[in-house]
Amino acid sequence: QVQLVESGGGLVQAGGSLRLSCAASGTIFSINAMGWYRQAPGKQRELVATLASGGSTNYADSVKGRFTISRDNAKNTVSLQMNNLKPEDTAVYYCNANIQSRELGRASFYWGQGTQVTVSS
């Protein structure tokens with residue numbers, strides 16, 4: 001079974017940095033894309049950044065210039081380096097990946113359990 005596990009969340013002061021990591025494990029055949037989403041209290045889940053297998057990236061306007069998504073293909077991990085954090089970045093951050101598993105034989109989207117990021121002013 002494919003699983004995504006996030007790590008690296010925590011409490012940080014405004015202007016600080018955090019690095020989130022997401023590790024995919026299980027019966028993985030291939031990973032087409034990985035990304036990060038976040039959901040703040042009372043708000044819908046929104047895209048933060050995505051990284052396709054071809055290397056193309058996509059960032060939400062609110063994080064451009066501050067966040068960087070990267071991927072380690074050998075370890076099936078994706079990271080999100082978050083710099084100059086702002087209180088409005090406070091949210092639960094979720095890892096997402098489009099993965100083809102050996103059992104299913106097709107690509108499906110998977111979600112991690114989420115990791116809390118809290119930015120204090």
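What you see below is based on every heavy atom in this structure, not just the backbone, and it leaves out hydrogens, waters and symmetry mates.
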Co-membership, hydrophobic cluster, residues [X] and [Y], 4.5 Å side-chain:
{"X": "Ile69", "Y": "Phe67", "answer": "yes"}
{"X": "Val2", "Y": "Tyr94", "answer": "no"}
{"X": "Ile28", "Y": "Val78", "answer": "yes"}
{"X": "Leu104", "Y": "Ile99", "answer": "yes"}
{"X": "Val12", "Y": "Val63", "answer": "yes"}

**Message:** Run the side-chain contact (heavy atoms from CB on, under 4.5 Å) test on Asp89 and Met82 for me, step by step, so that the C-alpha distance in whole Å, both residues' side-chain angles and the decisive distance to 0.1 Å come before the verdict.
**Reply:** CA-CA 9 Å; Asp89 294 320; Met82 305 185 294; over 6 Å; no

**Request:** Could you work out the complete set of other residues in the hydrophobic cluster of Leu11, with links drawn between I, L, V, M, F, W and Y side chains under 4.5 Å apart?
**Result:** none

**Item:** Criterion side-chain contact (heavy atoms from CB on, under 4.5 Å) on Ser108 and Gln100, from CA distance to verdict
**Value:** CA-CA 6 Å; Ser108 298; Gln100 183 174 347; over 6 Å; no

With a 4.5 Å cut-off on side-chain heavy atoms, are [Y] and [X] touching?
{"X": "Arg19", "Y": "Ser79", "value": "yes"}
{"X": "Cys22", "Y": "Trp36", "value": "yes"}
{"X": "Ser30", "Y": "Asn32", "value": "yes"}
{"X": "Ser53", "Y": "Arg71", "value": "yes"}
{"X": "Leu80", "Y": "Thr68", "value": "no"}

**Message:** Using 0.5 Å steps for rounding, measure from the CZ atom of Phe29 to the OG atom of Ser101.
**Reply:** 10.5 Å

Of all the heavy-atom pairs spanning [X] and [Y], show the shortest one and how long it is.
{"X": "Asn98", "Y": "Ala107", "answer": "OD1-CB, 3.5 Å"}
{"X": "Ala52", "Y": "Ala33", "answer": "CA-CB, 4.0 Å"}
{"X": "Gln81", "Y": "Ser17", "answer": "NE2-CB, 4.0 Å"}
{"X": "Ile31", "Y": "Ala24", "answer": "CD1-CB, 4.1 Å"}

**Message:** For residues 91-116, which residue pairs pass the salt bridge (Lys or Arg N to Asp or Glu O under 4.0 Å) check, not counting sequence neighbours?
**Reply:** none

**Message:** For residues 53-63, which residue pairs pass the salt bridge (Lys or Arg N to Asp or Glu O under 4.0 Å) check, not counting sequence neighbours?
**Reply:** Asp61-Lys64

**Asked** With Ser25, which residues qualify under side chain to side chain donor-acceptor pair (under 3.5 Å), at least two apart?
**Response** none

**Message:** side chain to side chain donor-acceptor pair (under 3.5 Å) for Asp72 and Thr77? Distances and angles first, verdict last.
**Reply:** CA-CA 5 Å; Asp72 187 333; Thr77 60; 4.7 Å; no

**Message:** Ser70 vs Met34, test: side-chain contact (heavy atoms from CB on, under 4.5 Å). Steps then yes/no.
**Reply:** CA-CA 9 Å; Ser70 61; Met34 301 186 79; over 6 Å; no

**Greater than 12 external heavy atoms within 6.0 Å of Glu88's CD** = yes

**Request:** Begin from the C-alpha positions of Thr90 and Val117 and carry the test side-chain contact (heavy atoms from CB on, under 4.5 Å) through to its verdict.
**Result:** CA-CA 5 Å; Thr90 296; Val117 172; 5.9 Å; no

**Prompt:** Is a side-chain donor or acceptor of Tyr59 paired with a backbone partner of Arg66 at a separation under 3.5 angstrom?
**Reply:** no

Side-chain donor-acceptor pairs under 3.5 Å in residues 39-51, sequence neighbours left out?
| from | atom 1 | to | atom 2 | distance (Å) |
| --- | --- | --- | --- | --- |
| Gln39 | NE2 | Lys43 | O | 3.2 |
| Glu46 | OE2 | Arg38 | NE | 2.8 |
| Glu46 | OE2 | Arg38 | NH2 | 3.4 |

**Prompt:** Going by the side-chain hydrogen bond (donor to acceptor under 3.5 Å, both in side chains) test, which pairs reach into residues 109-121, not counting sequence neighbours?
**Reply:** Glu6-Gln113, Gln116-Thr118

